[in-house]
Amino acid sequence: MQQRSSHYRASGLVLCLMSVTRDITERIRIEDSLKQKERYQRALLDNFPFAVWLKDTESRFLSVNTGFVRIFGAKDPAELIGKNDFDIAPHDMAEGYRADDREVMASRQNKSVEELILTEGERKWFETVKAPVLGDNGELLGTVGFARDITERKATDEEIKRLAFYDSLTHLPNRRLLRDRLKHALASSTRSGKPVAVLFIDLDNFKTLNDTLGHHVGDLLLQQVADRLTGCVREGDTVARLGGDEFVVVLEDLSNALYEAATHAENVGEKILVALNQPYDLAGHPCASTPSIGIALFAEPETTIDELMKRADVAMYQAKDAGRNTLRFFDPEMQAAVAARVALEADLRDGLEQAQLLLHYQVQVDGTGRVTGAEALVRWQHPQRGLVSPAEFIPLAEETGLILPLGDWVLATACHQLVAWARQPETAHLTLAVNVSARQFRRKDFVRQVRTILESSGARPQQLKLELTESLLLEDVEGIIAKMNALKALGVSFSLDDFGTGYSSLSYLKRLPLDQLKIDQSFVRDILTDPNDAAIARTIVALAKSLGLAVIAEGVETEAQRAFLASAGCHACQGYLFGRPLPTEAFGELIRRA
Ligand code: C2E
Ligand code: MG
Ligand code: MG
């Protein structure tokens, strides 16, 4: 660097020229390198995928990177220098930042996750880290901060959580979240002594709706049920979907007095009954649905989640047994009944293996009183309990699948009985009706099974009549018709048992290759005194006639009942008036005497 100065005399004449030259190469070099360093630092900061800022001890911005500018919406970083949070953020937010800075300057690192509404109204989530900046001697110079946009990660986390803990159809908590909530509820109940109530809710006949109107409509029903359930409980209570048509409601913070807690649970249950009984509009399909509700209360600390759920489930089945669309409480007597059922199942398994089952035969007569055939009715000769009625063990056998080996045995025994009768002139003409449960009939190889038994026993198919029930028609009617036709081709005939008590769809009835309708004994019992029963019996007879089917009445106990039925056009009968179900020997005896 050269500096020139001229020295003048008073006269203004230049005397001499002085020139000083200083070497500043080093300074320029240092300055250049500093500038370069700054540029590097700038580039480093600006290319950071975070917002970065430096503040002084008064929380004024000393420096910000372009990331910060981008996120918080200024034009260029220089614009923000010297400003503070109050200049760029709403007042309450700025106050929060100021408080954070103070905390950081008290030499603690501060980490937070927060949701921000940006200038364009866009919502974003940020993870922020702030730290104090200290001088060489440990004096406080200001703070440094980083903010990272985690909106996407947050959304993914939320989605993962939603999938793991919520049912995707109804958005209710799923089984997993329910267990978690129950765990907390039971723990706090144990501390506070306040009971927790669990309501198990199952929709009646949901399967039928799903099968007839389609899964899409079924889904709509489930969604509307979920909304209605949520509307029946307080905030803080849980409504969850276990899957299928099963929902669970957990009521917390109930009264310490067990009776009051139970009353509250019952009131909520009643409210749910009313709400779910309202008509539904499922994408234009008007529809009705009802629930069965089981309620269990948690009051003793030793009860586990599984026990509690099981109890509510047991109570729900009690509600189903009581005719559905109702609610039931769990009580210890129920539990005893459950235990007895488990024992009965084990016993029945043994009973099947140890040949404790036997068939009784009940006569069927025509209008002249002549015996035309019999119905085979299974009995269980239990070593301790004595003779057990099928009404007690058939439903259990159906539930457990034992009905399959049991049904095979009944069918085989009945066919052998037909062969034995064929050898005696007085019994050779008899037909034998055998009850076939829905589950048994639905099995894939049922037709082959019957054919094999007929062939191996040598029984005449024309003398075998299978009694089906309406419950069979709840699913896959086409498949059932096909099976019935295959069996009919063998010569076997069909009777529809307990007709009128179940799901009587006339359109199906027309298409089924049936031979006979059986008027249920519940209509016969009061046929003389109850005009409704009399009308139903008459209607069934007329229906059978118009469909070209035979008709038989069961449970005929008196001559007056028989006469009434005959006057209505039903001549074939079965009932105590003609004979009780009897063991083989006694049945043979009855026929010989007749
Ligand atoms: P179901 O097929 O409707 O049989 C008629 C029931 O009415 C029989 O009861 C019979 O004993 C009873 N009964 C007959 N006449 C009279 C009467 O005059 N008055 C009264 N009060 N009752 C009468 P049971 O033997 O207890 O059988 C009950 C049900 O168990 C049967 O009803 C049937 O659904 C089922 N069942 C019986 N045996 C079998 C079987 O081998 N397989 C299957 N799957 N179910 C069976
Ligand atoms: Mg029957
Ligand atoms: Mg019947």
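Worth saying up front: this structure is predicted, and the values here are computed from it rather than measured. Note that ligands are numbered from 1 as they come in the structure, with each ligand's atoms numbered from 1 the same way.
For the pair K488 and F494, the cation does not sit on the ring face, since its NZ or CZ is not both under 6.0 Å from the ring centre and inside 45° of the axis. Judged by the 6.0 Å distance and 45° axis criteria, R580 is positioned over the aromatic ring of Y576.
Using a cut-off of 4.0 Å between Lys/Arg side-chain N and Asp/Glu carboxylate O, R439 and E398 are scored as not salt-bridged.
Among the heteroatoms counted here (N, O or S) of D497, OD2 is the one nearest to the Mg ion (ligand 2). Nearest N/O/S atom of E375 with respect to the Mg ion (ligand 2) is recorded as OE2. E467 contributes OE1 as its N, O or S atom closest to the Mg ion (ligand 2).
Within the set P390, S389, C573, the minimum heavy-atom distance to atom 29 (C) of ligand 1 is found for P390. Of all the listed residues (L377, V556, L406), L377 holds the heavy atom that lies closest to atom 37 (C) of ligand 1. Across the listed options D520, T558, N435, N435 owns the non-hydrogen atom lying nearest to atom 33 (C) of ligand 1. Considering each of V378, L359, D498, L411, the one bringing a non-hydrogen atom nearest atom 3 (O) of ligand 1 is D498. Distances from atom 6 (C) of ligand 1 to the heavy atoms of R439, Q521, E554 put Q521 nearest.
Between W421 and Y361, the ring planes are perpendicular. Angles over 60° get that label, and only those under 30° would be called parallel.
Within ligand 1, the atoms closer than 4.0 Å to a non-hydrogen atom of S437 are 44 (N), numbered from 1 in the order shown. Applying the 4.0 Å criterion to heavy atoms of G575 picks out, from ligand 1, the atoms 15 (N), 18 (O). Those atoms of ligand 1 that come under 4.0 Å of a heavy atom in D497, given as number and element, are 1 (P), 2 (O), 3 (O). Annotation for ligand 1: atoms under 4.0 Å from non-hydrogen atoms of R379 are 11 (O), 25 (O).
Checking I540, D498, D533 one by one against D520, the side chain to side chain contact (heavy atoms under 4.5 Å, CB included) holds for a single residue, D498. Each of I527, V551, V541 was checked for a side chain to side chain contact (heavy atoms under 4.5 Å, CB included) with L565, and the lone residue meeting it is I527.
Counted by atom type alone, Q224 and D281 present zero donor-acceptor pairs between their side chains at under 3.5 Å. Between the side chains of E375 and Q362, no donor-acceptor pair of N or O atoms lies under 3.5 Å.
Counted within 6.0 Å of OH on Y317, heavy atoms from surrounding residues, nucleotides or ligands total 12 or fewer; the atom is thus considered open. The environment of CZ in R175 is sparse: at most 12 heavy-atom neighbours from other residues, nucleotides or ligands sit within 6.0 Å. Few gaps surround CZ on R385; more than 12 heavy atoms of other groups in view lie less than 6.0 Å from it. Within 6.0 Å of CD in Q354 there are more than 12 heavy atoms belonging to other residues, nucleotides or ligands.
Distances shorter than 4.0 angstrom occur between a heavy atom of G555 and an atom of ligand 1.
Contacts of R580 with ligand 1, taken as heavy-atom pairs under 4.0 Å, are absent altogether. The side chain of P581, and not its backbone, has at least one atom closer than 4.0 Å to an atom of ligand 1 (non-hydrogen atoms only; side chain from C-beta on).
Annotation: Q574 places no N or O atom under 3.5 Å from an N or O atom of ligand 1; distance criterion only. The N/O atoms of E375, backbone and side chain alike, include one that comes under 3.5 Å of an N/O atom in ligand 1.
Atom 16 (C) of ligand 1 has Y576 CE2, 3.2 Å as its closest protein atom, hydrogens excluded (heavy atom only). If you check which protein heavy atom lies closest to atom 19 (N) of ligand 1, you get E557 OE2, 2.5 Å. The protein heavy-atom contact nearest to atom 15 (N) of ligand 1 is Q362 NE2, 2.8 Å.
One distance of note links CG of L514 with CD of Q516; it measures 9.5 Å at 0.5 Å rounding.
Checking D498 against the Mg ion (ligand 3), an N/O/S atom falls under the 2.8 Å cut-off. Counting backbone and side-chain atoms alike, N435 contributes an N/O/S atom closer than 2.8 Å to the Mg ion (ligand 2).
The protein reaches atom 24 (P) of ligand 1 closely, with a heavy atom under 4.0 angstrom from it. Remark: atom 11 (O) of ligand 1 lies closer than 4.0 Å to at least one protein heavy atom.
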| CA sep, side-chain torsions, deciding dist, call: K310, E307, salt bridge (charged side-chain N to carboxylate O under 4.0 Å, His left out) | CA-CA 5 Å; K310 177 108 198 129; E307 268 173 58; over 6 Å; no

